[in-house]
Amino acid sequence: MSAPKIAPYDRPAGGWGALKNVAIQLVAQGIPLKGARTLLSANQRSGFDCPGCAWPDREHASTFEFCENGAKAVAAEATKRRVTPAFFAAHSVTELLDCDDYTLEGYGRLTHPLRYDAATDHYVPIAWDDAFAMIGRHLRALPDPDQAAFYTSGRTSNEAAFLYQLFVRHYGTNNFPDCSNMCHEPTSVGLPPVVGLGKGTVTLEDFEQADTLLLFGQNPGTNHPRMLGELREAARRGATIVSINLLHERGLERFADPQSPAEMLSLGGTSISGHYVTPASGGDFAFVKGMIKHILERDAQARADSLPALLDDAFIAEHTRGFETFAADVRAERWDDLERAAGVSQAQMRRIADVYLRGERVIATWGMGITQHKHAVETIQMIVNLMLLRGNIGRPGAGLCPVRGHSNVQGDRTVGINEKPSAAFLERLGKAFDFDPPRRPGLGVVDTIAAMLEGRIKVFIGMGGNFAMATPDTPRAWEGLRRCDLSVHVATKLNRSHLVHGRDALILPCLGRTEIDMQGGAVQGVTVEDSMSMVHLSYGINAPASEHLRSEPAIVAGMAQATLGRGPAGRDDWHWFVEDYDRIRDGIAATFEDFADFNRRVRRPGGFRLDVPPSQRRWLTPNGRANFTTHALPRELPIDVARRHAGARGADVLQLATIRSHDQYNTTIYGLNDRYRGVFGQRRVVFANPEDLDARGLRAGERIDLVGVWDDGVERRAEDFLLVAYDIPRGSVAAYYPETNGLVPLDATADGAGTPTSKSVPVLLERRGG
Ligand SMILES: Nc1nc2c(c(=O)[nH]1)N[C@H]1C(S)=C(S)[C@@H](COP(=O)(O)OP(=O)(O)OC[C@H]3O[C@@H](n4cnc5c(=O)[nH]c(N)nc54)[C@H](O)[C@@H]3O)O[C@H]1N2
Ligand SMILES: Nc1nc2c(c(=O)[nH]1)N[C@H]1C(S)=C(S)[C@@H](COP(=O)(O)OP(=O)(O)OC[C@H]3O[C@@H](n4cnc5c(=O)[nH]c(N)nc54)[C@H](O)[C@@H]3O)O[C@H]1N2
Ligand SMILES: [Mo]
């Protein structure tokens with residue numbers, strides 16, 4: 001491990017550094033050969049879908065698609081290390097709580113089902129049937145099924161997720177908190193009313209045809225490395241790429257494809273973004289509105305001069321509603337208000353708007369830099385407004401591209417992991433399985449924690465993920481979990497959530513996606529849906545990490561059988577579904593029109609694409625049109641609200657963006673470097689603008705505490721961070737998640753979506769001991 005240092009990185013993203021780091025990671029997991037073989041089958045036709053990110057893979061790719069961080073995700077799962085009952089006998093839970101998260105996951109794969117023994121404070125082995133019986137006992141004892149919550153993290157396959165929701169809805173609740181509540185929920189909430197579907201509209205072919213790409217608030221060099229391949233191609237054929245990001249991310253600037261000998265030898269790489277905008281935190285909303293104001297002005301001028309109009313009048317007339325009201329609102333906006341809210345000059349807003357106007361085929365992408373803000377839904381809808389102006393949705397080379405996180409987070413939602421299910425879905429599910437699903441809306445992540453704290457949730461079951469670390473307001477989340485009667489985690493590796501447990505607790509070890517899943521004497525495949533609505537089969541190729549592991553669907557069936565005593569639709573047993581996953585897929589097909597003939601279609605090479613009506617200009621909105629939406633600039637910016645709360649120290653408040661380093665996968669820490677940002681051997685760093693430091697009498701290299709500012713009287717503090725001078729807009733600082741989650745107030749959420757506003761957390765910097 002490298003010694004802690006800060007050393008700016010001047011190479012392109014990718015390149016030799018990426019190759020070297022894959023090798024390091026494989027050796028660290030003790031798997032040079034096997035790891036390499038495993039990697040070769042990621043995202044190939046007969047192999048597994050990479051458990052890294054949700055970026056689609058190219059059907060026609062014949063060689064391994066190189067991706068450093070995909071390799072890390074695969075290596076982490078294929079590790080040689082094991083965390084066995086002997087390990088748990090040697091370490092009490094209290095002892096393990098002292099380990100950092102990096103160490104916990106580093107112990108390797110879980111091998112046996114485990115039960116918490118309060119008498120000794122150790123996890124001890126338990127037989128699978130006894131574990132299921134314990135779950136059944138607890139669930140049946142609850143006076144109201146709404147006192148249990150069933151979390152899902154987005155690696156779970158369609159088959160496991162569908163069976164899970166079927167079990168939980170038979171049990172009687174819609175309490176499905178889901179990692180997407182903390183992630184792309186504002187996309188799922190914001191898009192349906194305006195385009196009729198909460199998903200992206202583009203495919204990889206559209207990326208090949210686009211001439212202009214607007215990339216909002218995402219860091220593909222780290223989080224979606226395979227996307228860099230698309231961006232590189234686009235840049236090389238002359239497409240204009242605009243990055244709108246709080247930070248100058250290296251992957252958005254320059255990329256060297258490790259498969260290109262020329263780029264590798266020259267050390268040069270391809271320049272990615274022709275334009276780079278760094279708005280204030282959350283300033284994207286006003287920035288896009290400013291772009292639109294310029295477009296409306298230029299369009300009016302063009303018409304006055306009898307030049308061709310700049311708006312797509314025919315598209316607007318035929319396909320949309322709400323244009324006049326929306327346009328009047330934008331025209332009335334004042335440039336100085338827009339500039340202040342965006343943190344971008346009028347001139348730059350106009351310049352980027354002209355880039356947009358020159359584009360014939362424009363794609364807009366976005367990630368967590370857009371969704372984890374108070375005005376996320378409005379911002380996404382403003383991006384849609386921008387795209388509608390020139391008919392940039394539903395034709396080749398143009399459209400919307402929310403870039404999802406977990407490899408199957410989109411699919412889990414599609415197949416029913418939804419705390420606010422539509423009546424139509426429940427209707428079909430009820431018909432397909434001959435039961436009456438619960439209609440009451442359930443709880444998302446933030447509401448689940450609040451309910452735990454109030455004693456309204458007593459049983460927590462987690463299908464993957466790391467609820468204790470991924471959620472906001474860490475001490476409160478932990479208190480909530482500890483108040484539960486039972487906590488259960490289906491997991492591949494040990495994590496903090498297993499140690500912050502209910503009175504009774506279980507850890508149920510499962511197969512990972514890279515492993516062979518044998519059921520009923522045959523190898524089973526599972527399906528996943530990527531960011532572009534492509535559904536395909538995934539088959540593991542490695543031997544399971546332990547003979548005691550069960551697949552996620554098998555674990556769901558075990559819980560369901562022990563809780564409900566009988567299967568759905570008149571069957572005696574839930575295990576029937578697990579003997580052949582085709583049966584689960586038939587159930588999915590019976591529930592969703594989109595999945596008709598699922599088993600046959602998914603076996604075609606490359607799988608199939610789900611229906612994406614807006615990509616064909618079919619708008620499944622209440623009025624049957626795409627809708628322009630009118631959103632005023634907030635009267636008070638979130639930072640002003642925070643300053644008001646901070647009273648005398650108001651002027652010192654900064655907005656903290658909690659982001660991912662290059663060596664982590666969400667709460668899983670692979671290593672302590674963030675190479676592209678020049679951070680090595682450490683994670684407790686805060687990136688700050690040098691002028692902001694000067695103004696506060698602080699210096700780079702000093703150690704500080706981050707102190708939360710909120711209006712609820714709760715003290716929030718994250719201790720001992722190194723100040724790093726960084727090219728970041730004034731008023732903003734950035735630090736890694738999850739170390740900073742304790743600073744995110746539970747009720748600081750995106751309007752209308754409930755997503756924690758993890759990218760604009762109001763904080764003060766306090767010199768240690770000062
Ligand atoms: N290797 C790896 N891959 C991953 C993950 C991982 O942790 N590691 N996580 C997966 C998951 S679940 C997800 S959701 C995705 C996340 O992928 P991203 O969406 O890229 O996630 P973040 O690292 O949170 O980075 C958000 C970006 O937004 C920028 N930003 C912050 N605030 C603002 C703002 O106000 N405006 C703008 N324009 N930009 C802003 C930050 O500088 C940063 O570049 O990646 C997925 N893939
Ligand atoms: N402050 C702040 N907080 C955030 C974010 C942020 O940007 N800032 N991002 C948010 C986002 S976008 C997301 S998606 C969430 C992520 O929240 P989660 O999805 O809950 O967290 P992960 O870290 O992805 O979960 C990792 C754990 O999943 C388990 N696991 C891995 N593979 C498998 C598998 O195949 N099956 C099962 N059953 N378990 C498996 C392992 O035990 C591992 O420890 O965090 C959110 N929290
Ligand atoms: Mo995510």
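Remember, it's 1-based here, ligands and their atoms both numbered in the order they're listed.
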Practice problem: Look at the aromatic rings of F150 and F176 and report parallel, tilted or perpendicular, splitting at 30° and 60°. | Solution: tilted

Checklist entry - Under 3.5 Å between some N or O of ligand 1 and some N or O of I244? => result yes

For this session: Give the ring-plane orientation class for Y736 versus F687, where under 30° counts as parallel, over 60° as perpendicular and anything between as tilted.
Result: perpendicular

If we number the atoms of ligand 2 from 1 as shown, the ones under 4.0 Å from a heavy atom of S758 are 1 (N), 2 (C), 3 (N), 8 (N)

To atom 41 (C) of ligand 2, the nearest of N666, L494, T492 on a heavy-atom basis is T492

Return yes when atom CZ of R340 has more than 12 non-hydrogen atoms of other residues, nucleotides or ligands closer than 6.0 Å, and no otherwise.
no

Quick look: N495 vs ligand 2, heavy-atom contacts under 4.0 Å, and the answer is side chain

Among M182, E68, H224, the residue with a heavy atom nearest to atom 15 (C) of ligand 1 is H224

query = Backbone or side chain, does any N or O of N245 fall under 3.5 Å from an N or O of ligand 1?
reply = yes

> Is the shortest distance from a heavy atom of K759 to ligand 2 less than 4.0 Å?
Replying inline: yes

Among N223, T278, I669, the residue with a heavy atom nearest to atom 6 (C) of ligand 1 is N223

Short version for C510: what comes under 4.0 Å of ligand 2, heavy atoms counted, is side chain

of all protein heavy atoms, closest to atom 13 (C) of ligand 1 is G405 CA, 3.2 Å

Closest to atom 46 (C) of ligand 2 by heavy-atom distance, out of P756, A470, S157, is A470

among protein heavy atoms, the one nearest atom 43 (C) of ligand 1 is E249 OE2, 3.4 Å

So that I know where these two stand, are F460 and H489 an aromatic pair - ring centroids less than 6.0 Å apart?
yes

Do Y737 and Q372 come close enough that some side-chain heavy atom pair is under 4.5 Å?
-> no

What I want to know is whether I659 and ligand 1 share at least one N or O pair that is separated by under 3.5 angstrom. no

_If you take the centroid of each ring, where Trp contributes its six-membered ring, are Y670 and Y665 closer together than 6.0 Å?_
no

Output yes when the distance from some N or O of ligand 2 to some N or O of V490 is under 3.5 Å, and no in every other case. yes

The closest protein heavy-atom partner of atom 36 (N) of ligand 1 is D284 OD1, 2.7 Å

L247 and Y276 have their tightest heavy-atom pair at O-OH, 2.7 Å

| said: Counting only nitrogen or oxygen atoms and a 3.5 angstrom limit, does G465 reach ligand 2? | reply: yes

Near G464 (heavy-atom distance under 4.0 Å), the atoms of ligand 2 are 37 (C), 38 (N), 39 (N)

Say whether H662, considering both its backbone and side-chain N or O atoms, lies within less than 3.5 Å of an N or O atom on ligand 1. no

In ligand 1, the atoms that come under 4.0 Å of a heavy atom of S281 are 35 (O)

ask   = Taking the six-membered ring of F48, is NZ or CZ of R513 closer than 6.0 Å to its centre and within 45° of its axis?
value = no

Looking only at protein heavy atoms, what sits closest to atom 34 (C) of ligand 1 is G369 O, 3.3 Å

Counting from 1 in the order shown, the ligand 2 atoms closer than 4.0 Å to a non-hydrogen atom of H406 are 14 (S), 19 (O), 24 (O)

Among H184, R660, E77, R513, closest by heavy atom to atom 12 (S) of ligand 2 is R660

Test salt bridge (charged side-chain N to carboxylate O under 4.0 Å, His left out) on K493 and E77 and set out the steps. CA-CA 8 Å; K493 289 187 151 186; E77 191 168 293; over 6 Å; no

- [ ] Decide yes or no for N741 and P472: does some side-chain heavy atom of the first lie under 4.5 Å from some side-chain heavy atom of the second?
- [x] no

ask   = Does the side chain of W710 pick up a donor-acceptor pair with the side chain of D747 at under 3.5 Å?
value = yes

Logged contact type for E105 with ligand 2, heavy-atom cut-off 4.0 Å, is side chain

In terms of its nearest heavy atom to atom 3 (N) of ligand 2, the top option of F467, Y737, Y665 is Y737

protein heavy-atom neighbour closest to atom 1 (N) of ligand 2 works out as N741 OD1, 2.8 Å

At under 4.0 Å between heavy atoms, what of C183 touches ligand 2? The answer is both

Query raised in the report: Is there any N or O on R155 that sits under 3.5 Å from an N or O of ligand 2?
Result: yes

Note: ligand 2 atoms sitting under 4.0 Å from heavy atoms of S153 are 18 (P), 19 (O)

For K493, the ligand 2 atoms with a heavy-atom partner under 4.0 Å come out as 42 (O)

Under 4.0 Å from one or more heavy atoms of M368, ligand 2 contributes atoms 12 (S)

**Asked** Has ligand 1 got any nitrogen or oxygen that is less than 3.5 angstrom from a nitrogen or oxygen of G367?
**Response** no

Less than 4.5 Å apart, side chain to side chain, heavy atoms only: is that true for S551 and Q524? no

Counting heavy atoms under 4.0 Å, the part of L247 that contacts ligand 1 is both

Counting heavy atoms under 4.0 Å, the part of N69 that contacts ligand 1 is side chain

Closest to atom 8 (N) of ligand 2 among protein heavy atoms sits T658 OG1, 2.9 Å

Is ligand 1 less than 4.0 angstrom away from at least one heavy atom of H373? yes

In this structure, atom 21 (O) of ligand 2 is nearest to the protein heavy atom N466 N, 3.6 Å

Quiz item: Can you find an N/O atom of T667 closer than 3.5 Å to an N/O atom of ligand 2?
Solution: yes

E552 versus ligand 2: do any nitrogen or oxygen atoms come within less than 3.5 Å of each other? yes

Of all protein heavy atoms, the one nearest atom 20 (O) of ligand 2 is Y151 OH, 2.6 Å

| Parallel, tilted or perpendicular for F467 and Y151, by the 30°/60° rule? | perpendicular

